[in-house]
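Note on naming: letters A, B, ... go to the chains in the order of the sequence lines (proteins, then strands), and numbering restarts at 1 for each one.
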Number of protein chains: 2
Amino acid sequence: MLSTKRPHRAGAGGRTAPPEQRRQQLIEATIRCVAKRGLADTTIATVAREAGLSQGIINLHFRSKERLLTETLRYLADEYRNACRTAAAAAESSPVAGLLAMVDLDFRRGICARDKLAVWFAFWGERKFRPTYRRICAARDKSYDDMVRAMCTQLCQQGEYPGVEPALVADGLSALTDGLWLDLLVRPESMSRELARRITMSYLADVFPRHIRQPVASSGS
Amino acid sequence: MLSTKRPHRAGAGGRTAPPEQRRQQLIEATIRCVAKRGLADTTIATVAREAGLSQGIINLHFRSKERLLTETLRYLADEYRNACRTAAAAAESSPVAGLLAMVDLDFRRGICARDKLAVWFAFWGERKFRPTYRRICAARDKSYDDMVRAMCTQLCQQGEYPGVEPALVADGLSALTDGLWLDLLVRPESMSRELARRITMSYLADVFPRHIRQPVASSGS
DNA sequence: GCAATGAATGAATGACTATTCAATGAACGT
DNA sequence: ACGTTCATTGAATAGTCATTCATTCATTGC
C-alpha cells in the first residue's frame, strides 16, 4: 500500500501498458483504420490488428465498439478545440490576427491531416442519426462559430463595413472551410492545403478589404 | 408473338409492375431509408419494408445491395446534372445569368431536399473507399466545375477584375456550396435554404462587385 | 376457362462480426 | 524466487444481415 502505483512499463508496444496509453493507442489505430478502409469496413478485428493487439482488447478498454468510435470523435473534437485556444489568444491583440490564426489553424498539417479528415467526414455522414455524435460535433461547431462571429463583429465595428453582416460572414467562412476540407479529402489531386488557404484568404480579403489583403496571386495555369 | 409486350399494370402499388417502375420505387425507398436511419442502419430489410415489398425484391431487380446503393447515387447525380442544363442554358445569354442560375439551382427545394442531402453526405463519407462511388461523384463534380469555371473566366474578361483568379473563385464557390449543404443537413435550426442563398450571393457580390449586387441585407437578429 | 410465364415472396442459408470469458503470463511486492 | 494481481489473449457464442431459391400467384395468350 506504500508504493505509488507505477506504470508497468514505458514502451508503447509492451505486453502490459497503463490504461490511458492503451486507450490512446487504440484511438490512433481507429483513426488510421477508418482512414484506410472507411467506417463501414472498420471492425473490432481490423482496429485491433492495426494496433498490433488482440480482439478482446477493445471491449476491455472501451466498453463497446460504439464507445471506441465515440471517444475517437471526441479526441478529434478536443484536439481541434485546444488548437482554437491559440487563435483565441491571437484575437486578443486584434480581430484580424484572430481570423488569420483561425485560417492558419484550419489548414495546418496536424489538424487537417488526410487521415483525420476521413474520420471527420465518416462521422458527419452518421451525425444526424447518433445523438452522441451530434452532441460532440455541435459543441465543436459552437465554439468555432462563437469565436469567428466575435472576430467579425469587432472587425465590422472597427472598419465601417456597412454592407457586411458578421453572422453571415462567420457562417460563410465556416461553410467554406468545411467544403475545402471535403475537397482536400476526396480530390487531393486538385486541392492542397496551400490552395485552400489562398481561397479562404481571398474570401476574407473580399469581405474585409481594408483589413485583410490577399497575397499577390501567382500565375494560375 | 404478335402482341407488343404491354406493361403488366399501371398502378405503383400493384402486385406486378414493370421493372423500370420497381427500380425507381426501390431507389426512392432507399433515399427515404438512408435519410431516416443513416447508411449504417440501412439494410435490405428496411428498404424493402419502406417500399412495402418483400426482402427478395432487391436482389431480384438489382443484383445486390451494393448495386442498389450505387444506382441510388447515380440517380441523384443524374438528377443534379440534368438540373445543371438549365443553368448552362442561362449562361449562354450571359455568365452572370449562368452563375445566378447555378446558385438558384443549388438551393432549390427539389435539389437540396433534406432527404437527398443526407444521402449525399452518407456516400461522401464512403466515397474515398469505393471506386464506383468515386467515379460517379467525380463526374458530377467535373461538370459543375467546368461550368462554373467557364462562367467566372468570362466574367473576369468582361469586367476587368485583375486580382481575381477564376479557378480559385470556382473552387471556392463549389466548396462554399458543399459546406452550406452540410449545414442545411446537420444544423437545420441555424441554416435555411434562403440564408444559404444569401451567403452565397454575398460571396459572389464581393468577388464580382460590378456585375453582381447582393440584395439589401435585412436586419439580422 | 386453362396453361404458361415470370414477378414476387419469405423462410432457410451462410458469412460476418461484436461481445464474452476462461486461460495465460507479465509485472510487482515480499 | 515465489505467489498474487490483473492486463491481455483468442476461441467460442450469439446476433445480424445479404443472398438464395422453392413456392405462390397475378397476368397474359390461346
Side-chain angles (χ1 to χ4, degrees), chain A residues 1-26 29-30 33-34 37-72 126 129-130 132, chain B residues 1-27 29-30 33-34 37-72 126 130 132:
Chain A
M1 282 298 180
L2 298 174
S3 67
T4 61
K5 202 87 160 150
R6 292 238 132 267
H8 310 266
R9 206 170 144 187
R15 169 104 194 194
T16 287
E20 204 38 59
Q21 185 176 317
R22 276 275 179 270
R23 290 171 61 90
Q24 179 65 23
Q25 183 183 1
L26 288 169
T30 304
C33 203
V34 171
R37 322 165 56 101
L39 195 50
D41 289 344
T42 292
T43 66
I44 290 271
T46 60
V47 173
R49 199 180 319 137
E50 179 74 39
L53 295 167
S54 72
Q55 295 225 29
I57 197 82
I58 285 167
N59 284 287
L60 180 69
H61 286 283
F62 299 85
R63 290 187 337 112
S64 67
K65 181 191 182 188
E66 187 53 34
R67 269 173 205 271
L68 169 67
L69 295 178
T70 300
E71 291 303 311
T72 302
E126 290 291 311
F129 312 103
R130 318 266 160 151
T132 312
Chain B
M1 283 298 183
L2 297 174
S3 68
T4 60
K5 205 72 160 164
R6 291 241 132 264
H8 311 263
R9 207 170 144 188
R15 169 103 195 195
T16 287
E20 205 37 61
Q21 186 176 315
R22 275 278 179 269
R23 289 171 61 90
Q24 179 64 25
Q25 183 183 0
L26 288 169
I27 285 174
T30 304
C33 205
V34 171
R37 321 166 55 100
L39 195 50
D41 288 344
T42 292
T43 66
I44 291 270
T46 61
V47 172
R49 199 180 319 139
E50 179 75 39
L53 295 166
S54 72
Q55 295 225 29
I57 198 82
I58 284 168
N59 285 287
L60 180 70
H61 286 283
F62 300 85
R63 293 192 328 117
S64 66
K65 182 192 181 186
E66 188 51 35
R67 270 175 204 272
L68 169 66
L69 294 178
T70 299
E71 291 304 310
T72 301
E126 290 292 309
R130 319 267 160 149
T132 313

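In plain terms, the two heavy atoms of A:Leu26 and A:His61 that are nearest each other are CD1-CB, 4.2 Å. The minimum heavy-atom distance linking B:Ile44 with B:Gln55 is given by the pair CG2-O, 3.6 Å.
A cation-pi arrangement is absent between B:Arg37 and A:Phe129 under the rule of less than 6.0 angstrom and at most 45 degrees off the ring axis.
The distance from the CG atom of A:Leu68 to the CD1 atom of A:Ile58 is 5.5 Å, given to the nearest 0.5 Å. From B:Thr70, atom OG1 reaches atom CZ of B:Arg130 across 9.0 Å, with rounding to the nearest 0.5 Å. A:Arg67 contributes atom CZ, which lies 12.0 Å from atom CG of A:Leu69 (distance to the nearest 0.5 angstrom).
Separating the CZ atom of B:Arg63 from the C1' atom of D:dT20 is a distance of 14 Å, rounded to the nearest angstrom. Note: NE2 (B:His61) to C1' (D:dT19) measures 16 Å, nearest angstrom. For A:Ile57 and C:dT20, the CD1 to C1' distance is 14 Å, given to the nearest whole Å. Atom CZ of A:Arg37 and atom C1' of C:dT17 are 13 Å apart (whole Å). Regarding B:Gln21, its CD atom lies at a distance of 14 Å from the C1' atom of C:dA8, rounded to whole Å. Atom pair B:Asn59:CG and C:dG10:P shows a separation of 15 Å (rounding to whole Å applied). Atom CZ in A:Arg23 sits roughly 15 Å away from atom C1' in D:dA7 (whole-Å rounding). Counting to the nearest Å, the C1' atom of C:dG10 and the CD1 atom of B:Ile58 are 13 Å from each other.
In this structure, of C:dA8, D:dT8, D:dT19, it is D:dT19 that holds the atom nearest to the side chain of B:Ser64. In the set C:dT9, C:dA18, D:dT19, the nucleotide with an atom closest to the side chain of A:Lys65 is C:dA18. Proximity note for A:Gln55 (side chain, C-beta onward) versus D:dT19, C:dG10, C:dT19: the nearest is C:dT19.
Non-hydrogen atoms lying under 4.0 Å from DNA chain D are contributed by nothing in residues 38-50 of chain A.
Within the structure, a side-chain polar atom (N or O) of A:Arg22 is placed less than 4.0 Å from OP1 or OP2 of D:dT8.
Here the side chains of A:Gln24 and A:Gln21 are not in contact, with every heavy-atom distance at 4.5 Å or above.
Residue A:Leu60 is in base contact, counting any heavy-atom pair closer than 4.0 Å across all strands shown.
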